[in-house]
Amino acid sequence: MTKLKKMAKIKTLDEFKEYAQRHLQSLTPCEKSEGWYTVEIRVMSYFDAICIARNLIKACLVVIDPDAAEVSNAVPNNRINPCDLLELALQIMPFSEFEMLDEIHKMVSSKNEE
């Protein structure tokens, strides 16, 4: 059964909440800060995590000073690895949530056409 057909069978708010809970998994509510969420970022090691953070900082430095081709020579390994930044962007994209939004949009659109 396709996801859209499963959505079409939802008749109550409780059924919709249960369906949404299965798909809304990218954001985790913070325990101490109401209205704030966390996003999981997978790394292979502490070194991998710091390399990603360094690449973010280096990219910001280049954005601040667009004439500079690279970050200062005072920073060891000053080349920016765009693959790390793109991987980070991919990890924080909530694909499951967007699939669900597409399904809701189709469901609402098809009901409006009937």
Side-chain angles (χ1 to χ4, degrees):
M1 184 180 294
T2 67
K3 288 181 184 179
L4 186 56
K5 287 182 183 177
K6 288 179 186 176
M7 282 285 300
K9 291 188 174 203
I10 294 173
K11 303 294 181 208
T12 67
L13 181 58
D14 286 335
E15 289 174 348
F16 178 74
K17 286 180 180 179
E18 183 181 315
Y19 177 83
Q21 254 184 340
R22 287 192 307 266
H23 287 72
L24 299 176
Q25 297 180 4
S26 294
L27 299 179
T28 305
C30 292
E31 292 179 19
K32 295 182 180 180
S33 301
E34 190 173 326
W36 286 86
Y37 299 88
T38 59
V39 177
E40 179 182 329
I41 299 172
R42 293 170 303 278
V43 295
M44 294 185 298
S45 63
Y46 284 104
F47 186 75
D48 188 34
I50 197 67
C51 286
I52 292 169
R54 285 172 47 98
N55 275 312
L56 285 169
I57 292 168
K58 289 187 267 185
C60 290
L61 288 170
V62 170
V63 169
I64 291 168
D65 184 8
D67 295 330
E70 290 186 341
V71 180
S72 164
N73 287 332
V75 176
N77 189 14
N78 62 1
R79 294 191 55 222
I80 297 169
N81 184 348
C83 291
D84 284 349
L85 302 176
L86 293 171
E87 173 64 29
L88 178 64
L90 285 173
Q91 285 188 38
I92 63 173
M93 286 183 181
F95 287 105
S96 179
E97 283 85 341
F98 283 110
E99 285 179 344
M100 189 182 88
L101 289 173
D102 279 342
E103 293 167 24
I104 291 170
H105 180 262
K106 288 175 187 174
M107 186 177 81
V108 171
S109 296
S110 66
K111 291 202 183 239
N112 286 339
E113 293 171 2
E114 290 176 358

Colleague: Not counting sequence neighbours, which residues clear side-chain hydrogen bond (donor to acceptor under 3.5 Å, both in side chains) with E15? List them please.
Modeller: none
Colleague: Considering residues at least two apart in sequence or located in another chain, which fulfil the salt bridge (charged side-chain N to carboxylate O under 4.0 Å, His left out) criterion with E97?
Modeller: none
Colleague: List, one per line, each side-chain donor-acceptor pair under 3.5 Å for residues 84-94, sequence neighbours excluded.
Modeller:
unit_1 : atom_1 : unit_2 : atom_2 : d
D84    : OD2    : N55    : ND2    : 2.8
E87    : OE2    : Q91    : NE2    : 3.1
Q91    : OE1    : R42    : N      : 2.5
Q91    : NE2    : R42    : O      : 3.1

Colleague: Using the side-chain contact (heavy atoms from CB on, under 4.5 Å) criterion, which residues pair with T28? Sequence neighbours excluded.
Modeller: T38
Colleague: So, for I10 and F16, which heavy atoms are closest and what is the spacing to 0.1 Å?
Modeller: CG2-N, 3.5 Å
Colleague: Show which residues join I50 in its hydrophobic cluster (side-chain heavy-atom contacts under 4.5 Å, direct or indirect), or state none.
Modeller: F47
